[in-house]
Number of protein chains: 2
Amino acid sequence: MSLASERAKPGASSKPTLYKRIRLDIETRILTGEWPPGHRIPFEHQLMARYRCSRMTVNKALSELAQADLIERRRRAGSFVRRPQHLSAVLKIADMRAEITALGRSYGYQLIDCRRRTATAADRARLGVSTAGKVIAIACRHSADNVPFAVEDRLIDLSTVPEAATADFAREPPGSWLLHHVPWTEAEHTISAVVADDRTAKALGIAVGAPCLVIDRYTWRSARTVTAVRLHYPGETHRLVARFKGG
Amino acid sequence: MSLASERAKPGASSKPTLYKRIRLDIETRILTGEWPPGHRIPFEHQLMARYRCSRMTVNKALSELAQADLIERRRRAGSFVRRPQHLSAVLKIADMRAEITALGRSYGYQLIDCRRRTATAADRARLGVSTAGKVIAIACRHSADNVPFAVEDRLIDLSTVPEAATADFAREPPGSWLLHHVPWTEAEHTISAVVADDRTAKALGIAVGAPCLVIDRYTWRSARTVTAVRLHYPGETHRLVARFKGG
DNA sequence: CACGATTATATGTCTAGACATATAAGTCAA
DNA sequence: TTGACTTATATGTCTAGACATATAATCGTG
């Protein structure tokens with residue numbers, strides 16, 4: 001078989017494209033430990049020869065591996081397998097309805113309290129803003145199969161999201177509304193554990209002193225605060241699962 | 001100024017390269033909401049004209065945006081702004097020493113118990129394996145500035161990581177050792193809240209009944225279980241922070 | 001030996017083409 | 001109207017070059 005016929009031919013018998021094959025080959029060597037951290041990956045021109053392709057093709061494969069933090073590329077020196085620095089887990093927090101229906105349970109929602117007001121000093125501190133604009137303060141509860149699932153305590157900055165003034169939070173949970181109306185977000189989550197106080201225990205239908213998982217989420221839209229929300233979950237029954245992956 | 005002189009010139013006055021500028025331009029339009037979810041991004045040949053560059057250059061910019069899930073690309077149809085599906089937070093769990101020293105505190109480590117044994121039924125259930133190989137069971141404590149920071153209860157499957165038999169876990173925490181000796185991992189984290197029982201309270205120096213954040217982590221290496229670990233943090237003082245990003 | 005200048009080289013970016021391929025849209029017959 | 005066929009088109013991948021740029025290595029010099 002000639003070199004020419006052995007080569008590329010994108011959609012012949014090999015399903016994946018060439019650059020994907022190169023990427024997978026290298027990835028596999030790294031993941032199996034055949035190429036340990038610090039190992040120098042063959043130079044681009046060596047890979048060109050091995051796979052009989054142009055430099056752009058191997059470059060694309062290597063660039064993607066670098067983007068995924070699997071390798072590090074240094075000019076003049078070459079590309080090297082990175083040592084895993086930390087386990088990073090991706091915590092996917094869908095909106096509450098999606099989270100509950102994904103568990104195969106029926107979703108229930110109750111608005112406990114919703115008021116519109118000029119931001120108090122406490123509100124401003126919580127939202128991290130200095131000017132006293134209007135805010136919406138919401139307390140509500142999510143349930144799964146009619147059992148309390150989480151209580152939510154939220155503040156929305158109306159100067160960032162004026163449209164929220166017209167939303168009907170008795171019908172639609174504020175989390176869902178925001179997810180579908182605020183085009184993009186940056187967020188910070190803080191997870192901690194507390195014991196249920198009187199008010200929380202009552203809302204969740206658990207004993208005072210029972211453990212609760214607390215998630216505080218702050219959401220921004222290009223440097224403007226959108227919302228601050230605190231969620232209380234019954235700690236012994238609820239679990240946050242973060243799957244995947246070494247890096 | 002002629003078209004030619006206006007063009008590219010990679011390292012002239014513009015610091016970022018052209019494809020990065022294109023990517024940033026589009027990203028900005030999406031993040032500010034100027035191009036809302038569903039909006040069709042100009043076709044590649046239109047972007048070629050706008051930026052006076054070759055198709056490969058705009059393709060690289062668009063490919064990266066697609067990889068980041070900011071846009072969706074469909075053959076024949078074009079590229080479209082994706083609607084945010086869920087908030088996903090990246091939880092970076094470095095090894096304990098790195099986590100504590102990053103806070104500017106001094107790291108301390110004490111091995112409480114370490115024993116090698118043939119896997120019991122409970123061990124096998126916890127590791128999710130069926131055969132009864134050897135395991136190492138470790139209990140230890142991490143402290144920051146001499147204050148208990150977390151207690152760790154770990155099982156290592158020696159049939160997956162035989163090298164662990166020779167590690168000195170009195171000197172090096174098992175998490176660090178594994179991170180540096182097991183080339184790659186997949187993991188699942190489960191986060192929950194409990195109240196401290198007698199043993200945990202004593203180890204952490206907190207009151208019985210105080211809230212604790214619990215992280216269970218299962219780690220695999222290409223379908224083989226590596227380790228199962230349960231970490232207890234004092235819940236009122238410790239916080240897990242997950243930063244970033246809409247998607 | 002220490003240190004600054006020079007050189008070689010691997011990666012970073014880019015071009016102007018090419019063909020492959022999925023699919024939206026149009027065409028035509030039943 | 002509907003379903004099957006054809007066509008146009010935007011993206012997906014690839015090539016064989018090019019110049020830019022950071023930097024490891026080398027070489028000279030004090």
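Below, chain A is the first sequence line, B the second, and so on; all start at residue 1.
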Could you state the [atom1]-[atom2] distance from [X] to [N], rounded to the nearest angstrom?
X	N	atom1	atom2	answer
B/M56	D/dA16	CE	P	14 Å
B/M48	C/dA16	CE	C1'	8 Å
A/I22	D/dT13	CD1	P	12 Å
B/Y51	C/dT13	OH	P	17 Å

Practice prompt. Apply the test salt bridge (charged side-chain N to carboxylate O under 4.0 Å, His left out) to residues B/E72 and B/R74: give CA-CA distance (whole Å), side-chain angles for both, the deciding distance (0.1 Å), then the verdict.
Written response: CA-CA 7 Å; B/E72 191 191 341; B/R74 288 205 301 274; 3.7 Å; yes

Discussion item. Check the phosphate of C/dG17 against B/S54, side-chain N and O only, distance under 4.0 Å to OP1 or OP2. Yes or no?
Written reply: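 False: B/S54 side-chain N/O out of range (4.0 Å or more) of C/dG17 OP1/OP2.
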
Fill in: Residues which pass ring pair (Phe, Tyr, Trp, His ring centres under 6.0 Å) with B/Y109, listed by chain and number, not counting sequence neighbours
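Only B/H142 meet the ring pair (Phe, Tyr, Trp, His ring centres under 6.0 Å) criterion with B/Y109.
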
Discussion item. To check you understand the geometry: which heavy-atom pair defines the closest contact between A/F169 and A/A164, and what is its length?
Written reply: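 Closest pair (atom of A/F169, atom of A/A164, distance): CE1-O, 3.7 Å.
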
Worksheet item: Cation-pi between B/R40 and B/F43: NZ/CZ under 6.0 Å from ring centre and within 45° of the ring axis?
Response: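 B/R40 over B/F43 ring: yes.
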
Response to the item:
Its contact letters, B for base, S for sugar-phosphate only and - for none at protein heavy atoms under 4.0 Å, make nucleotides 6-12 of chain C read --BBBBB

Discussion item. Looking only at the side chains, is there a donor atom on one of B/Y51 and B/D25 sitting less than 3.5 Å from an acceptor on the other?
Written reply: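 B/Y51 vs B/D25: donor-acceptor pair found between side chains.
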
Fill in: Listed partners of A/R230 passing side-chain hydrogen bond (donor to acceptor under 3.5 Å, both in side chains), at least two apart
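So A/R230 forms a side-chain hydrogen bond (donor to acceptor under 3.5 Å, both in side chains) with A/D216.
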
